[in-house]
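Here the structure is laid out as structure tokens; the discussion comes afterwards.
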Amino acid sequence: MDGENATSRDASMTLAQSQVINNFEGPMLVLAGPGSGKTRVVTHRIAHMLESGVSPRQILAITFTNKASTEMAERVEKLVPGQRLAISTFHKFCARMLRLYPGAVGLKPNFTILDTGDQTAAIRRAMHHLDLDTTHFPPNKILWRISKAKNDLITPEVFQRNFDESIGNHWDAVVSRVYPEYQKVLLQNNSVDFDDLLVHVAVLLTEFPELRDQLDERFRYVLVDEYQDTNQAQYRIVVALSQTYRNLCATGDPDQSIYGWRGARIENILRFENDFPDVKVVRLEQNFRSTKSILAAADQLIAKNIYRKAKALVTDNVQGVPVRLIRFSDGYREADLIAEHMKAVVASGKRTWSDFAMLYRVNSLSQPLEVAFQRAGVPYQIVAGMPFWEREEIKDLVAYLRVLANPDDDLALRRIVNKPQRGLGAKSQDRIFAWARVEGLTPMEALEKASSIPQLSKKAALSAVLFAKIMNGLDLAKAGSVAELLREVVKKTGITIPWLGSGDETDLARLTNVEQLIAAAEYYDKLAGEERTLEGFLETTSLASDLDNVDEKAGKVTLMTLHAAKGLEFPVVFVCGVEENLIPHERSINSGNPREIEEERRLLFVGMTRAKEVLYLTEASVRSIHGRSTYTIPSTFTEPQHLSLDRLSEFEFQAMTFDPNSFQSKRPTTAVEEFGTFEGEDGDGDEFEDREPGVTKRRSKPAFSSANFSLTTAADLLAGNNKSIEIPTGFPVGSAVRHPRYGKGQVLSASGFGPRRTVTVKFEQGRTETFMVQKSPLQPLR
DNA sequence: GTCCCCTTTCTTTTT
DNA sequence: GAAAGGGGAC
């Protein structure tokens, strides 16, 4: 798709695609199936608009993720270089708008955007004000309810009214009290949460018609991506911007709506046709991504949804190998054998690590996979886990900047006032801030004058004054750059001192994270140049996400949830844990709401359609969940009468791994021949020697895997060596190992073979632990 | 004021 | 089984 230019466009486009590109006046709804080249079409549409004389200033393209917006911007840039147009995420766009018109909703221009942690803290505080008990009503759950209300544009007043008018449950009783108080806390802190960014702007556009007119005039052409995922607030914003100039182009796919639980409304697509009766609806049904086999299976699955507008899925691509459902005896075998399979395929030289993706419904499934991949030496990147910006040390440092940028940001101040520990515990803090309120001072002023606060200990007062001194000495203008300012924070607060020289892995990780934060600041400094502000940097930090860092070409296998996979594609995809209660998730089943089951089905549909060439669904007979081993039930979605798949046992899968030629599909299919480059055929066993990337060098003596001792290795088989490999002794006495938690160590003693092998390891940091090799995350160090 | 142990809970989380 | 949050002990 690279290297194309704007002029050679039409020849390579389908009729539907050209329609989208060429008709940019008036409302349009693009229903784009998976892999239908949507981004390409949208970017070409923008290019066409620019070429036709539309001013770049009049175009607004909105996406959901940073990644999508960056990609769109890059691709437009490639087509029509040097144009400045607004391509942004919903939240970023709203943050911009709010910085321009903060007063209208009671904010100051330097407001901060709170992350989930701060939001919970704010809820806590609100509940504290109301004397509500946080044990019985967990703040997280309350926050969740409030967030849902905001997504639906329900204000605290309306929430309360709704509650009063209904026979409310006691939950909503609590929420209807907390919600307004929470908003008050946010306003006092001159801050907003993620949802507020949208809600405030929606309010702005509704209550200030002149402003709406002005923005509508300014953004005459609005494009929205992933329209099926818009919530009420986003819908309102988009529609408000498209009244005078009704050039709204929404692209989306109802079949890929997987964020209903976050307030996304598929109905927004249906409503579109009501709001804009003259809408042109274009369907992009041709898939350029997947093989016929994959598409047929996905189509068969999604056709089972009742609440759906039927859409064809067609492709000119080859048939490809059949979609396979593999049944493993348990989750560990699943992980091990998949790792082994990938190793073998990569060793054969036909694929690289980054061709593979592992998708799962819940994050907890990543753990056994991780263990197996580490042991097998398969390089992987895991998306999600603990997002960078959520890390303790990062949030602390960012909180320092937040207080500097927005002195009203009490939540941030509370966070850092005793970090590193200065002997200013909750009690002293309460005293200081209570005194501030009585005296009518800002919290910072109170800290400065702490020595005159009655009943505050000498020690606490001293620390408070010292803290105020540090803060007063910090200034962006003086420091020159955000990165430099951060370095000063680190130096003056000594926050990293406890981590220096301890050698502890987590401390080392903390230090690295701090470095990374500074690096991120440097990057921002460079990008923003002289226009750099603290608010600007903080905005990038709070609106950043882990997903932005997915590198599809990282030379690693990618592990992530099905949700995170939306919008991505990989040559080979494993969707694992396709079992009842996982997909569909038991919560959805228990909800009794068929629409929730349909969302689960769409989720699997999204996962399946990520695959370009080879797709595996896997299930385990026994799965250990919540620490308990349970017999699983096959997923409703894969029942034979619903979905025709090639069903393989783990042994058949293994055989296929080691000798592609030995395995014949059970279903008669002539399809295989059509695909030239897949594993599953073409076993000419070409030289694999030294083809593997570094990590897997230990091929002759693989890290322990239960399958290894009875079978020949993939590499040997492919090389034509039919000698069996020796039974691995794995982790011999005296060998060096690494444990993710305890660090480096040495094997003291070992006993047993195979799955029962246990080793005792003495770790450098002193402790000695015994592990079942198969179940532990131990890695050999060469 | 801090730490540790107990209980509880266990989707998904574009921003 | 593991992490997180709250309550109680020091």
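In what follows, chains are A, B, ... by sequence order, proteins preceding strands, each numbered from 1. Every value quoted in this text rests on a predicted model; they were computed, and no experiment measured them.
- Side-chain N/O atoms of A/Asn231 include none lying less than 4.0 angstrom from OP1 or OP2 on B/dT14.
- Between A/Arg587 and B/dC10, a side-chain N or O to OP1/OP2 separation shorter than 4.0 Å is present.
- As judged by a 4.0 angstrom heavy-atom cut-off over every strand, A/Asp195 is placed among residues making no nucleic acid contact.
- To the nearest whole angstrom, the two C1' atoms, one in C/dA3 and one in B/dT14, are 25 Å apart.
- At the heavy-atom level, A/Asp229 lies under 4.0 Å from base atoms of the strands shown.
- Counting any heavy atom pair closer than 4.0 Å across all strands shown, A/Arg602 reaches no nucleic acid atom.
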Practice item. Quick one: do A/Asn513 and A/Glu393 satisfy side chain to side chain donor-acceptor pair (under 3.5 Å)? Show the steps, please. Key: CA-CA 8 Å; A/Asn513 289 335; A/Glu393 58 278 10; 2.7 Å; yes
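- In this structure, A/Arg361 reaches the bases: a heavy-atom distance under 4.0 Å links it to at least one base atom across the strands shown.
- No contact: A/Phe90 has no heavy atom under 4.0 Å from any strand.
- Ring orientation note: the planes of A/Trp144 and A/Trp261 are close to parallel, at an angle under 30° on the 30°/60° scale.
- Under the 6.0 Å cut-off for aromatic ring centres, A/Phe219 and A/Phe93 qualify, their centroids lying closer than that.
- Across all strands, A/Glu539 comes closer than 4.0 Å to no nucleic acid atom at all (heavy-atom distances).
- Stacking between A/His626 and B/dC10 is present: the aromatic ring centre lies within less than 5.5 angstrom of the base six-membered ring centre, and the two planes differ by under 30 degrees.
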Exercise for review: Walk me through it: do A/Thr112 and A/Glu535 pass the test side chain to side chain contact (heavy atoms under 4.5 Å, CB included)?
Suggested key: CA-CA 7 Å; A/Thr112 28; A/Glu535 290 88 40; over 6 Å; no
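- One P atom belongs to B/dT12, the other to C/dG5, and the distance between them is 16 Å to the nearest Å.
- Among the protein residues, A/Thr63 comes within range of no part of the nucleic acid, since none of its heavy atoms lies under 4.0 Å from any strand.
- Minimum atom distance to the side chain of A/Thr561 is reached by B/dT13, of the listed B/dC10, B/dT13, C/dG6.
- Ring-base stacking between A/Trp261 and B/dT12 is satisfied, the centre separation being under 5.5 Å and the plane angle under 30°.
- For A/Lys566, the listed nucleotide lying nearest its side chain is B/dT14; candidates were B/dT11, B/dT14, C/dG5.
- Applying the 4.0 Å criterion to OP1 and OP2 of B/dT9, one finds that A/Arg628 has every side-chain N and O outside that range.
- Aromatic stacking is marked for A/His585 over B/dT11, as both cut-offs hold: 5.5 Å for the centres and 30° for the planes.
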